[in-house]
Amino acid sequence: MSEQNILLDVKSLCVSFRANNDWKTIVKNISFAVHFNEIVGVVGESGSGKSVSSLAVMGLLPMDKTKIDGQILFEGEDLLHLSESDYQKIRGKKIAMIFQEPMSALNPSLRCGFQIEEILKQHTSVRGAKLKAEVISLLEKVKLPLPNETYFKYPHQLSGGQKQRIVIAMAIACKPDLLIADEPTTALDVTVQKDIILLLKELQAETKMGMIFISHDLGLVNSIANKVLVMYKGEIVEQGKTSTVFHYPKAIYTQALIATRPNNSYRLERLPTIQDFLEGNLPTTKISTEERALFHQKIYANQPLLTVKSIGKDYATNSGGFWKKTFFRALDDISFSVYEGETLGLVGESGCGKSTLGNAILQLDKVSKGTIFFQGIDITKLKGEKLRALRKEIQIIFQDPFSSLNPKLTVGEAIMEPMIVHNLYSSKQERIGKVMELLQKVGLNEEAFHRYPHEFSGGQRQRIGIARTIAVHPKLIICDESVSALDVSVQAQVLNLLNELKEEFQFTYIFISHDLSVVKYMSDRLIVMNKGKIEEIGEADEVYAHPQSDYTKKLIASILE
């Protein structure tokens, strides 16, 4: 592309943050360009500087704690020389951003239509009936069903994918020249991810705008970007055409990023990590089909640890009006068994009933009908002390460890808490010793004991959540989207950790995720759920290679390689 066609030209950008009385450089001397009608992908681990770079372009970094050097030339003008009032005229109109978490980007107290109107009022002269008509048109453009009704809905009344479409509508409302999409599909299921990617490509092709697409998911970037930048520790280690970088990576770090995803062609005992690549210590041991068959023969010869029989779950809704009670069926006639030592995968789109099923097994939400047997006991009838004792045997690893950890407790106190609740070990000193052992097992230093959750990265917090879960030595662990928000290298580390702990402590897992590649790698058998029902169940590799139902075929086809 020609020099005259450059929309954004970032030259020797350095971003430093004040830490106490010192400055820490996060983005180190990076240079890149975005042309009109071009999509530039930015990939790298958490903390590599991807989002900080985009926030610098948007002028959203706190200037009292930030030092920025270099140039950010937008349509020939250096944005670093603009006043805040001048920046506000550009931000949202000429440069717009789609943020990672739509719920935190939207105002929960305002209707969705009104929030899109705010952008138009700020930057255009459209008012009155034309304003609402323009918002309805935007809702149609981002393919939201029933746009007239969606206009009046609050964010909490929409699904994750629908909320993300509202955020996209806000971002494109003023037809910006440059759109920055920062992890716009994180934690969305595969079919919604594919829809969002197709939508962004359509909108970009229609308006010819430039786009920066930031993600830790290489498959997504490969499917949308013309050019890609690979960032590592604040530097660009490789950049070029997407097809060239992904098929012929030069930097060791780029090779490592590509290799850390589970390979659908073969199964390794341990996933390679970034550190493995940097140290030249790559795992090569493959698990053969014969080895898997022998393992399955062994575990399936025993009695099931958990048996779910014809369970259903109904929720009352007010859609029938004040006098008429209606019900929504979240689970419909679900039956399956889980065997000791097994990892049972559970996949499906958002709203299919995966988490509802997990909550039913945990007895956090009682079923409307059916029975659940754990070690031969119907746990749906348990109450009081017997139910409390069950909590020790069935545990859960949550998707977001930060919200599941008490911010007022140190990590050591948080891991010790379930030990105290279930009267494990005879003294506080013994419990402290066990916590120290657990911290080492999950790959954390003993000094983590006295620190608080906010002092750790997302991957480290997930390790703390795992340590807390295994502190009571449960028999069955439900992993509910436990790696979906982690970048590929941290995800590989956590998946390896889960498999190591399973082998050491003889755990049994129910592994819930929307990522079919990850579930296939982790699972012995696979359950595919759709609209509260089991669509398909079988050996994981077999279901993936030869799906029987149209729904499973659609899910697998949605995976963006």
Answer yes or no: is there a donor N or O on one side and an acceptor on the other, between the side chain of [X] and the main chain of [Y], under 3.5 Å?
X	Y	result
Lys163	Leu158	yes
His247	Ser243	yes
Ser523	Lys520	no
Tyr509	Leu498	yes
Thr508	Leu476	no
Gln491	Val483	yes
Glu269	Lys286	no
Asn222	Gly219	no
Gln375	Leu305	no
Gln548	His546	yes

> Which distance, rounded to the nearest 0.5 Å, do you find between the CD1 of Ile98 and the CZ of Phe213?
Replying inline: 8.5 Å
Quick check: do [X] and [Y] have side-chain heavy atoms less than 4.5 Å from each other?
X	Y	value
Leu444	Leu438	no
Thr260	Leu271	no
Phe336	Ile527	yes
Val43	Leu257	yes
Gln363	Leu387	yes
Met97	Met170	no
Phe246	Val221	yes
Phe511	Leu344	no

> Taking all atoms of both residues into account, what is the closest heavy-atom pair of Leu405 and Arg468, and its distance?
Replying inline: CD2-CD, 3.9 Å
> Would Leu357 and Ile510 satisfy side-chain contact (heavy atoms from CB on, under 4.5 Å), going step by step from the backbone distance to the final call?
Replying inline: CA-CA 11 Å; Leu357 178 55; Ile510 295 178; over 6 Å; no
If you count the non-hydrogen atoms of other residues, nucleotides and ligands that lie under 6.0 Å from [atom1] in [X], is the total more than 12?
X	atom1	value
Gln303	CD	no
Lys502	NZ	yes
Glu279	CD	yes
Lys366	NZ	yes
Lys392	NZ	yes

Is the closest side-chain donor-acceptor distance between [X] and [Y] under 3.5 Å?
X	Y	result
Tyr551	Glu349	yes
Asp480	Ser355	yes
Thr371	Asp378	no
Glu342	Tyr300	yes
Thr356	Asn359	no

What pairs with [X] under salt bridge (Lys or Arg N to Asp or Glu O under 4.0 Å), at least two apart in sequence or on another chain?
X	answer
Arg391	none
Glu503	none
Arg329	Asp314

May I have the list of side-chain donor-acceptor pairs in residues 147-157 shorter than 3.5 Å, sequence neighbours left out?
residue, atom, partner, partner atom, Å
Thr150, OG1, Pro145, O, 3.1
Thr150, OG1, Leu146, O, 3.0
Tyr151, OH, Glu117, OE2, 2.3
Gln157, OE1, Tyr154, N, 2.8

> Between Val42 and Val230, is a side-chain contact (heavy atoms from CB on, under 4.5 Å) present by the stated rule, with each step listed?
Replying inline: CA-CA 6 Å; Val42 184; Val230 182; over 6 Å; no
[X] with [Y]: basic N within carboxylate O range, under 4.0 Å:
X	Y	value
Asp332	Lys313	no
Arg525	Glu539	no
Lys441	Glu500	no

May I have the list of side-chain donor-acceptor pairs in residues 458-466 shorter than 3.5 Å, sequence neighbours left out?
residue, atom, partner, partner atom, Å
Gln460, OE1, Ser457, N, 3.0
Gln460, OE1, Ser457, OG, 3.3
Arg461, NH1, Pro453, O, 3.4
Arg461, NH1, Phe456, O, 2.7
Gln462, NE2, Phe398, O, 3.4
Gln462, NE2, Ser482, O, 2.5
Arg463, NH1, Val442, O, 2.6
Arg463, NH2, Gln493, OE1, 3.2

> What's the verdict on salt bridge (Lys or Arg N to Asp or Glu O under 4.0 Å) for Lys533 and Asp333, showing C-alpha distance, side-chain angles and the deciding distance?
Replying inline: CA-CA 7 Å; Lys533 294 186 177 183; Asp333 197 29; over 6 Å; no
>> I'd like to check the side chain to side chain donor-acceptor pair (under 3.5 Å) partners of Tyr253; sequence neighbours left out, ordered by chain and number.
In response: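 In terms of side chain to side chain donor-acceptor pair (under 3.5 Å), with neighbours along the sequence ignored, Tyr253 is linked to Glu45.
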>> Between Phe507 and Phe505, is the ring centroid distance below 6.0 Å?
In response: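 Yes, they do, as the ring centres are separated by less than 6.0 Å.
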> For Phe99 and Leu106, what are the C-alpha separation, side-chain angles and deciding distance, and is it a side-chain contact (heavy atoms from CB on, under 4.5 Å)?
Replying inline: CA-CA 10 Å; Phe99 293 95; Leu106 294 169; over 6 Å; no
